[in-house]
Amino acid sequence: MRKKPEVMRKKDGLTSKLNRATVKEIFREIRWLTFYIIQYKTSIIFYIFVGVIGTLMGLAGSLASKYMIDAVTQYQFMKLMTAVCILAVAGLGNIGLHAVMSRMLAKISLRVYQEIYEDVYKKMMEAEWEKTIKFHSGDMLNRLNGDVSAVSKSILGWIPSLITKSVSFIGSLMIILYYDPIMAIFALCSAPVTLLLSRTFLGSMREYNKEMRSASSRVMEFSEESLQNLQYVKSFDLVRMFQNKLKQVQRIYMDTSMAYNEFSIKTSTLMAVLGLVVSFGCMGWGVYRLWTGFITYGTMTMFLQLSRTLSSDFSSLVRLIPSAVSAATSAGRIMEVTELPKEKGRVLEFDAKIDKEAQAGVEIVMENISFSYQCDKPVLVNCSMRAGQGEIVAITGPSGAGKTTLIRIIMGLISVQRGSAIVRMNSGRVEPLSVATRQLIAYVPQGNTVFSGTIEENLKMIAPRANEEKMVEALEAACAWDFVKSLPGGLKFHVGEKGKGLSEGQAQRIAIARALLKDAPVIIFDEATSALDESTGNQIMERIRDRYRQCTCIIVTHRLSALHICSRVYTLENGKMKEKNESC
């Protein structure tokens, strides 16, 4: 037997406490939503205006139907024609307004979705790298797509719906009260029960929405990861295993969905029964008033129409609560990533003088630095190194020794917890290694980092203004021009996802050329020639040494053959760094 989702196993004794916490969270999330509501207030106000006009036309149509039936039963031709004209104008007006609103809503919704998507994406990209890695990329994508979509729809839908349904509800109630106050009481008798149920189910709705979004993220996480690693899945003959695992993930999602569906059916059925009782009550009272001669056939028809409208509007208003809960839940999931700490580091204003100083050469200096990830054991302990202008410095060591962490510090992705990590320019200007100094560094990571698009687009990603001559120069230095010019289209050759169409070695050389094209004073090579034979790898490093004499190069490598051109070699082991004094 399948286990029920976590939300189905909540203890009843925690309900009141959960509701209090839930309401507090929802208010916090609605405050976050308010920022965007204010931002798009003009569109929302116009949408509300059109919606209210449409509602008033609908009420006018209900009144016109009353007078039309009364005119028929009383054989009043002119009154009948007037009522028919009003009814026709109201009906056609509603059709026209609906068409206008549908077109307008589609345009505005798309714009709002895109702008919120861009804003959330921007904040995700600007967050501290160390904080973002706790989220799976599939989960991040789900928040960026599914949750942003839910939020954008709620911004344009929730408030306009609240106001237009309220206008319709109040208008219907006023008309019924004018003609028969008792009928209004019948129509509203379900309101207290509905409100009580909504408050009671608020916590459950919240938990169901969280479970649904979480289960949806797990499906996307699994799908994205397996498709990204399809080559390895096939290579190890794991296709059947991954298919079975997908079924398990989908089963969890289905169980959660069906539990929510069961909850929704129970609540909606209860609401429908209440609505049916109210409708029978209104109809019975109307028939009685008609039988006793207190109202006309037209008034009876109007009562039935408006009582249904009243009940429907009230139910719609109540249904806005789950809609708000869903939007607030999505807002909360977005807030978890958009409120991550932003990368710190003052932005350097590199004027012409400072830029010239940096291009003339810089020095990377680390003294007694220490670092550990959260509460884990130290990765680096009192490590020191220096990479001066024009030097090629190697960092070696076994896997897990801390080489990648050291590179992350130089790149400003993480900050040292003790010690000093700086970049020093020839003028003596000193800046701590951070996000602000990242623009001084070109980076060639290990593995395939070529993006889909042309080779030219990949190169210009780093240097948008680079001409063909500069690109060819960088490709030649990376031993890549010979194979690039032989490709169909040369620089215009289109590369697929993850460098599809190129070999691993070719993709690696494109990445090296891309880094060289940045013309940065510091270049980091992180196992950048691992997919190349030793001869080609050594040739590339020698060309870089000869052509970029002012550049500071830092090489992370396992290849001993690459050390012969290095000025200095540092070895990392067990978090400690040692320098080899003898020349390589």
Side-chain angles (χ1 to χ4, degrees), residues 128-134 232 363-388 391-423 432-435 437-438 441-449 504 508 511-512 515 522-534 537-538 540-541 544-545 551-584:
E128 286 183 9
W129 174 83
E130 192 178 358
K131 302 296 183 182
T132 61
I133 57 174
K134 70 177 183 179
Y232 306 106
E363 181 181 35
I364 302 292
V365 181
M366 297 187 184
E367 295 181 350
N368 299 318
I369 65 167
S370 295
F371 182 85
S372 63
Y373 292 98
Q374 297 177 351
C375 298
D376 294 341
K377 67 178 184 178
V379 179
L380 301 174
V381 181
N382 295 327
C383 295
S384 298
M385 68 163 283
R386 184 176 70 85
E391 290 187 328
I392 299 179
V393 175
I395 301 171
T396 64
S399 298
K403 300 188 299 297
T404 300
T405 299
L406 191 70
I407 295 302
R408 288 170 182 167
I409 291 171
I410 297 174
M411 293 294 298
L413 293 172
I414 54 179
S415 300
V416 296
Q417 291 152 349
R418 284 190 298 277
S420 170
I422 63 165
V423 55
L433 290 169
S434 66
V435 60
T437 59
R438 197 179 295 162
I441 301 170
Y443 176 52
V444 186
Q446 55 182 311
N448 190 333
T449 57
E504 287 293 317
Q508 208 162 52
I512 293 172
V522 179
I523 303 181
I524 298 173
F525 297 91
D526 187 2
E527 298 287 0
T529 59
S530 58
L532 304 174
D533 59 84
E534 288 190 6
N538 291 339
I540 290 172
M541 295 312 302
I544 292 171
R545 179 194 60 188
C551 188
T552 302
C553 294
I554 299 173
I555 305 172
V556 176
T557 183
H558 286 97
R559 286 185 174 178
L560 296 178
S561 62
L563 303 182
H564 73 281
I565 62 170
C566 298
S567 310
R568 207 170 8 257
V569 176
Y570 292 94
T571 301
L572 263 172
E573 191 166 1
N574 297 324
K576 301 290 183 68
M577 178 176 278
K578 295 179 181 179
E579 180 184 356
K580 287 187 177 180
N581 295 320
E582 68 273 12
S583 173
C584 299

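A donor-acceptor pair shorter than 3.5 Å cannot be found between the side chains of Tyr570 and Ser384.
Here the shortest heavy-atom pairing between Lys377 and Ser372 reads O-CB, 3.8 Å. Residues Cys551 and Ile523 approach most closely at SG-CG1, 3.5 Å, considering heavy atoms. Contact detail for Gly402 and Leu380: the closest heavy-atom pair is O-CD2, 3.8 Å. Scanning all heavy atoms of the two residues, the minimum distance from Cys383 to Gly575 falls at SG-O, 3.1 Å. When all heavy atoms of Val444 and Ala515 are compared, the closest pair comes out as CG2-CB, 3.3 Å.
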*side chain to side chain contact (heavy atoms under 4.5 Å, CB included) between Phe525 and Met541, intermediate numbers included*: CA-CA 10 Å; Phe525 297 91; Met541 295 312 302; 4.1 Å; yes
_CA sep, side-chain torsions, deciding dist, call: Ser370, Asn382, side chain to side chain contact (heavy atoms under 4.5 Å, CB included)_ = CA-CA 5 Å; Ser370 295; Asn382 295 327; 3.6 Å; yes
*Hey, mind stepping through Val423 and Glu363 against side chain to side chain contact (heavy atoms under 4.5 Å, CB included) and telling me if it holds?*
CA-CA 6 Å; Val423 55; Glu363 181 181 35; over 6 Å; no
*When you look at Tyr443 and Ile407, which way does the side chain to side chain contact (heavy atoms under 4.5 Å, CB included) test go after all the steps?*
CA-CA 9 Å; Tyr443 176 52; Ile407 295 302; 3.8 Å; yes
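With a 4.5 Å cut-off on side-chain heavy atoms, Ile395 and Ile555 do not count as touching. The shortest side-chain heavy-atom distance between Arg438 and Leu413 falls under the 4.5 Å cut-off.
Of the inter-residue distances, the one linking Glu128 atom CD with Ile133 atom CD1 reads 11.0 Å to the nearest 0.5 angstrom. Distance check, rounded to the nearest 0.5 Å: CD of Glu130 to OH of Tyr373 gives 7.0 Å. From Met577, atom CE reaches atom CD1 of Ile369 across 7.0 Å, with rounding to the nearest 0.5 Å. A distance of 10.0 Å separates CD of Glu573 from NZ of Lys403, quoted to the nearest 0.5 Å. Interatomic distance, Arg386 CZ to Glu579 CD, rounded to the nearest 0.5 Å: 8.5 Å. The distance from atom CE of Met411 to atom OG1 of Thr404, rounded to the nearest 0.5 Å, is 12.5 Å.
At most 12 non-hydrogen atoms from other residues, nucleotides or ligands lie less than 6.0 angstrom from CG of Asn574.
For the pair Thr571 (side chain) and Thr396 (backbone), a donor-acceptor distance under 3.5 Å is absent.
Under the side chain to side chain contact (heavy atoms under 4.5 Å, CB included) rule, Phe371 has a single partner from Thr405, Val381, Leu406, which is Thr405.
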